[in-house]
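Naming convention: chains lettered A, B, ... in sequence-line order (proteins, then strands); numbering from 1 in each chain. Not measured: the values here are computed from a predicted model. FYI, side chains are in, hydrogens and waters are out, and symmetry mates aren't considered; it's all heavy atoms of this structure.
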Number of protein chains: 2
Amino acid sequence: MFAEERRAAIVEILKGGNSVYVAELCKKFGVSEATIRRDLAVLERMRLLKRTHGGAVPTTFGLESSFEEKRVQNLDLKAMIGRAAASLVNDDETILLDAGTTTLQIALNLRGRRITVATNCIDVANAFIDDPAVEVWLLGGILRKKPRSLVGFLANEALNALHFDKVFLAANAVHVKLGATTPNMLEAETKRRMLMAGEEKILVSDHSKLGLGGICRICDLEELDLLITDIYADRGMASEIERKIKVLYAGEGGAIA
Amino acid sequence: MFAEERRAAIVEILKGGNSVYVAELCKKFGVSEATIRRDLAVLERMRLLKRTHGGAVPTTFGLESSFEEKRVQNLDLKAMIGRAAASLVNDDETILLDAGTTTLQIALNLRGRRITVATNCIDVANAFIDDPAVEVWLLGGILRKKPRSLVGFLANEALNALHFDKVFLAANAVHVKLGATTPNMLEAETKRRMLMAGEEKILVSDHSKLGLGGICRICDLEELDLLITDIYADRGMASEIERKIKVLYAGEGGAIA
DNA sequence: TTATAAGATGCATAAACGAGCAAAATCAAT
DNA sequence: ATTGATTTTGCTCGTTTATGCATCTTATAA
């Protein structure tokens with residue numbers, strides 16, 4: 001592996017929103033800490049990341065990052081779900097991607113594809129910023145600063161005027177009876193509109209959110225066409241869910257129906 | 001095998017997204033390392049690959065594009081203009097900020113203020129990502145990846161529904177006769193809509209753009225309320241412009257009328 | 001504050017590179 | 001075929017780059 005490749009891979013890791021440790025990178029690439037530090041130094045000069053004591057964090061391009069570095073939970077699971085979801089997308093389709101860490105993984109797996117992607121998340125839009133193949137539409141709206149999503153009137157109005165082949169929705173909780181839920185009312189409303197704007201409605205959620213209930217209902221599971229979760233989902237709960245909606249289980253090798 | 005064939009074959013190998021080693025290519029084609037290096041040099045000049053120590057990687061590797069952080073021209077002047085512009089904004093106002101490096105400087109000088117900012121630029125929105133005081137609205141639209149701005153139908157529709165106390169517009173060229181212009185038609189259309197959505201219409205432009213003409217006209221200078229430029233503006237041109245529009249000259253200490 | 005982990009710096013080494021030159025291959029005319 | 005011009009190729013050698021190690025300095029946390 002070339003230095004160039006290694007550096008690109010480091011940037012790729014950080015694009016998922018995670019921070020990385022020097023030791024972690026050493027192990028992953030089988031090189032010394034000195035080499036990793038040199039890599040991080042050049043990447044920092046390129047503004048592709050920000051070094052910290054022990055590793056590096058993504059650049060929140062702009063200013064001294066307020067990056068509250070809580071690591072993304074279940075990132076590897078989300079990456080698997082992202083790969084599985086991306087594999088469902090065909091060339092020349094129009095895709096609507098919800099805001100969220102899982103949908104960001106879908107975005108990363110769609111880079112280079114000949115598709116049109118609309119989203120209400122600036123991180124998702126940014127995943128394609130150096131990708132000439134993908135046409136990106138950003139829905140407008142009020143900027144929610146924590147999840148970096150756009151919600152509210154502008155987003156809803158924009159969604160009224162648009163239609164997509166597939167919509168990939170994220171939810172904070174997925175429950176057999178309560179359906180898909182989220183803690184924020186504005187988010188819920190925008191998510192409902194997103195569903196309406198999509199031909200094929202796909203919900204993505206790693207297994208940790210299954211069985212949980214939130215405050216604001218987005219929709220019942222019957223209203224959706226497909227749920228993509230991971231192979232660590234509880235079998236009992238899974239079979240209950242499967243009575244209401246088709247489920248895909250993403251794993252190392254690929255997805256199983 | 002001809003050199004041409006060999007080079008085509010090398011490009012073909014890289015097309016799959018793989019990297020190649022010089023030694024590997026030597027063996028494969030039965031030629032010396034010097035020959036392979038010459039091939040790689042030729043192909044790199046044709047932008048068909050990117051050389052690394054030991055081999056080459058495909059050009060679509062990502063790092064390169066992010067790396068071209070072309071440095072902003074006249075950044076210090078733009079910062080002065082940004083300070084001057086920001087000083088015109090009052091608390092509780094609603095502000096519309098155009099996309100551009102100068103308007104980004106305005107945004108940086110508005111951090112912490114109790115205002116609402118709408119923009120069609122993700123960099124401007126990001127300037128407030130860690131600022132709880134400023135409420136940010138992002139207009140939707142097609143993401144233009146080089147200037148990182150949002151234009152087109154969604155942006156225009158959103159602007160129809162909104163109204164702001166002040167709009168700060170950026171232009172690529174400002175001319176006494178031709179007015180404010182920009183090279184991109186979609187941008188021009190969205191900028192026109194932005195003007196319509198603002199009560200007070202303010203154009204910002206450092207002196208290097210004065211006297212230049214672009215392809216797409218945004219508006220005549222008479223349609224605007226104020227031009228903010230810097231103190232290095234040519235006096236002759238400045239006095240001509242002043243016959244059509246009020247001008248503010250930003251300098252080290254502050255702005256002079 | 002001190003203890004500990006992480007980072008910076010200088011140096012050594014091996015691999016890769018670039019330039020120049022000569023040999024070999026190719027081509028264009030006779 | 002022969003000759004000469006041009007291009008391509010391979011080789012050598014001095015230079016550069018990438019990397020790891022040892023040592024010294026700095027940052028973080030108890």
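- A donor and an acceptor atom, one from each side chain of A:T101 and A:K78, are located under 3.5 Å apart.
- A side-chain N or O of A:N172 and one of A:T182 form a donor-acceptor pair less than 3.5 Å apart.
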With sugar-phosphate taken as primed atoms, P, OP1 and OP2 and all else as base, the protein-contact string of nucleotides 21-30 of chain D at under 4.0 Å (heavy atoms; B, S, -) is B-----SS--
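- Atom CE of B:M46 has 12 or fewer heavy atoms from other residues, nucleotides or ligands within 6.0 Å.
- Residue B:Y21 places its OH atom among more than 12 non-hydrogen atoms of other residues, nucleotides or ligands, all under 6.0 Å distant.
- With rounding to whole Å, B:E4 atom CD is found 13 Å from C:dC27 atom P.
- Relative to the ring axis of A:Y249, A:R235 places its NZ or CZ within 45° and under 6.0 Å from the centre.
- Between B:E33 and A:R37, the residue whose closest nucleotide on DNA chain C is further toward the 5' end is A:R37.
- Separating the CG atom of B:L25 from the P atom of C:dA16 is a distance of 13 Å, rounded to the nearest angstrom.
- Taking for each of B:T52 and A:G54 the nucleotide of DNA chain C with the nearest heavy atom, the 5'-most of the two is the partner of A:G54.
- Closest approach of A:L40 and A:A56 over heavy atoms only: CD2-CB, 4.1 Å.
- A close approach under 4.0 Å does not occur between any side-chain nitrogen or oxygen of A:T35 and OP1 or OP2 of D:dA18.
- A salt bridge links A:E93 with A:K166; the closest basic N to acidic carboxylate O contact falls under 4.0 Å.
- Here the P atom of nucleotide D:dT7 and the CG atom of B:D39 are 16 Å apart, to the nearest Å.
- At whole-Å resolution of the value, CZ in A:R6 and C1' in D:dT17 are 12 Å apart.
- Mapping A:I36 and B:R7 onto DNA chain D by nearest heavy atom places B:R7 closer to the 5' end of the strand.
- The distance from atom CZ of A:F29 to atom C1' of D:dG20 is 18 Å, rounded to the nearest whole Å.
- Picking from D:dT19, C:dG18, D:dT9 the nucleotide with the shortest atom distance to the side chain of B:A3 gives D:dT9.
- Atom pair B:R51:CZ and C:dC17:P shows a separation of 6 Å (rounding to whole Å applied).
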